[in-house]
Amino acid sequence: MSPGWDRSALATLLRGSVRLDEPLARHTTYGVGGPAEAFVEPADVADLAACLRFCSARGVPCRVLGEGSNVLVADRGVPGVVVHLGGPAFSFLEASPGPGADGRAVCHLRVGAALPLGRLVALARSEGLAGLVFLAGIPGSAGGAARMNAGTSAGQLADVLESLELVLADGSRQTLAAEHCGLGYRTSRLPAGAVIVACSLRAAYGEPQDVAAAIDRYLARRRATQPAGASAGCVFKNPPGGHAGRLIDQAGLKGLTVGRAQVSRVHANFIVADEGATADDVARLIDQVQQAVAAQHGVALEPENELWGFVGAGEGGG
Ligand code: FAD
Ligand code: EPU
């Protein structure tokens, strides 16, 4: 069925690529989910602004997808536009040493929102950037990580973020200092519909061999404690003072299966989508885990994964 808005007008307007009915399973780490009515890869910031203005003017829903490592897309897909940033205009990495607040040298970085976090970890290793080691093993793009304030017990984006460069829903540009981004545990508060196009970071230096050893340690720990299958990391946020994984494990839910989706036997806060799984399998499993943990522990687990295109609770705006 064709949508109630003019997709060919968008394709004509933009210099970047516009793919119609693009399956989002190809663009998420769960590897499940239906199509976007239009999947847009803008050529540059001006092209992105034109896309956002188009959507705002016509009331077309618009979301932005990074590497899709924290998103569950419904099997029926999502209406409107899904913007995906890529290419040199959004994947640059500029790094220069400079004085920090306490006079010690720090590295100032400006990175495109589409830059994979792995590139920052590689830089941390080669340049001895102690401030970035916590990123080791976190999948995703710089923009997605900033939006989620991604992190581990060793640190989070908020620790190193100086500012975000945004394109707002009306196509205008804004630079927001980190203290105005509303960063909290796996959350941020950005203007509605804002797309991050670049992030400025500040990272302390350390001894290169210590930095490399820390990165290797974090990667090894992750390999030992987290599953390798198709997932979107931890499904739920940790509740205050506790660990969702431990609660799910204690409730005896490891291995619980719906269709081809399973609560990981390695880490109970991961759901692994095996070959042939549907988004509905994953969503039903999320629901069952929430209900069981509420019944057994009296704790309401809040999803960290964003659910796109589902009706009712848990729907992420994106
Ligand atoms: P997406 O999943 O594509 O998007 C996430 C959110 O960010 C969405 O709301 C999206 O709209 C928004 N977004 C994406 N790009 C932009 C942009 N340019 N502008 C504005 N909004 C944007 N997370 C952790 O915090 N710590 C971990 O240790 C961790 N481990 C993981 C391990 C595995 C195996 C996996 C699969 C995931 C893990 N995650 C972890 C979750 C995920 O990797 C992070 O949330 C990640 O940083 C999301 O980045 P992304 O580019 O994939 O964003
Ligand atoms: N645990 C269990 N059973 C399990 C899993 C964990 O009992 O199946 C226990 C562990 O033994 C440990 C405690 O729970 O005592 C915490 O486990 P872990 O160290 O793995 O940390 P976590 O709180 O489960 C958090 C983040 C991860 C991040 C790790 C490493 C959240 C929701 N999760 O996991 O982030 O990688 O710390 O620092 O904050 C993500 O956000 O997607 C994510 C994977």
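As the structure lists them, so they are numbered: ligands from 1, and atoms in each ligand from 1.
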Going by the 4.0 angstrom heavy-atom rule, the piece of Phe236 near ligand 2 is backbone
Determine whether the side chain, the backbone, both or neither of His243 has a heavy atom under 4.0 Å from any heavy atom of ligand 2.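 The answer is the side chain.
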Do [X] and [Y] make a side-chain contact, defined as non-hydrogen atoms from C-beta onward lying under 4.5 Å apart?
X	Y	value
Ile248	Leu301	yes
Phe54	Cys62	no
Arg7	Val18	no
Val311	Arg76	yes
Asp216	Arg125	yes
Ser163	Thr175	yes
Asp47	Leu14	yes

Below 3.5 angstrom, do we get any N/O pair linking [X] and ligand 1?
X	value
Glu67	yes
Leu117	no
Ser141	yes
Glu306	yes
Ser69	yes
Gln226	no
Thr152	no
Ala194	no
Ala113	no
Val64	yes

Would [X] and [Y] count as having a side-chain donor-acceptor pair, cut-off 3.5 Å?
X	Y	value
Gln262	Thr257	yes
His267	Gln226	no
Thr278	Asp280	no

Heavy-atom pair of closest approach, residues Ala268 and Gly245: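 What the structure gives for the nearest pair is CB-O, 3.4 Å.
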Heavy-atom pair with the smallest gap, counting every atom of Asn149 and Thr187: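 Smallest interatomic distance, heavy atoms only, reads CB-O, 3.6 Å.
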Taking distance alone, with N or O pairs closer than 3.5 Å, would you say [X] contacts ligand 2?
X	result
Cys234	yes
Gly151	no
Asn269	no

Nearest-neighbour protein heavy atom for atom 17 (O) of ligand 2, which is reported as residue plus atom name and distance: His267 NE2, 4.2 Å
Is the contact between [X] and ligand 1 made by the side chain, the backbone, both, or neither, using heavy atoms and a 4.0 Å cut-off?
X	result
Trp308	side chain
Thr28	neither
Gln156	neither
Arg63	neither
Leu65	both
Ala114	neither

Going by an N to O cut-off under 4.0 Å, is there a salt bridge joining Arg15 and Asp44?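 Looking at Arg15 and Asp44, the cut-off is met.
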Between Val293 and Phe236, does a side-chain contact (heavy atoms from CB on, under 4.5 Å) hold up when you go through it step by step? CA-CA 11 Å; Val293 169; Phe236 301 101; over 6 Å; no
From atom 26 (C) of ligand 2, work out which of Arg186, Lys254, Arg265, Glu304 has a heavy atom at the shortest distance. Arg186
If you count heavy atoms of other groups shown closer than 6.0 angstrom to CZ of Arg104, is the number above 12?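 Not buried by this count: 12 neighbours or fewer within 6.0 Å.
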Might you work through the side-chain hydrogen bond (donor to acceptor under 3.5 Å, both in side chains) test for His108 and Glu94, ending with a clear yes or no? CA-CA 8 Å; His108 295 281; Glu94 301 159 2; over 6 Å; no
Mark the output for [X] as yes if a heavy-atom distance to ligand 2 is under 4.0 Å, and as no if none is.
X	value
Gln250	no
Thr225	no
Ser153	yes
Met148	no

Going by the order shown, which atoms of ligand 2 are within less than 4.0 Å of some heavy atom of [X]?
X	answer
Arg222	36 (O)
Phe270	44 (C)
Tyr185	31 (C), 32 (C), 39 (O)
Gly233	42 (O)

Hey, is atom 11 (O) of ligand 2 touched by any protein heavy atom at less than 4.0 Å? no
Would you say atom 37 (O) of ligand 2 has a protein heavy atom nearer than 4.0 Å?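 Not a single protein heavy atom is under 4.0 Å away.
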Interfacing atoms of ligand 1 (cut-off 4.0 Å, heavy-atom, Leu85): 18 (N)
Which of the ligand 1 atoms, numbered from 1, are nearer than 4.0 Å to a heavy atom of Ile196: 17 (C), 18 (N), 19 (N), 20 (C)
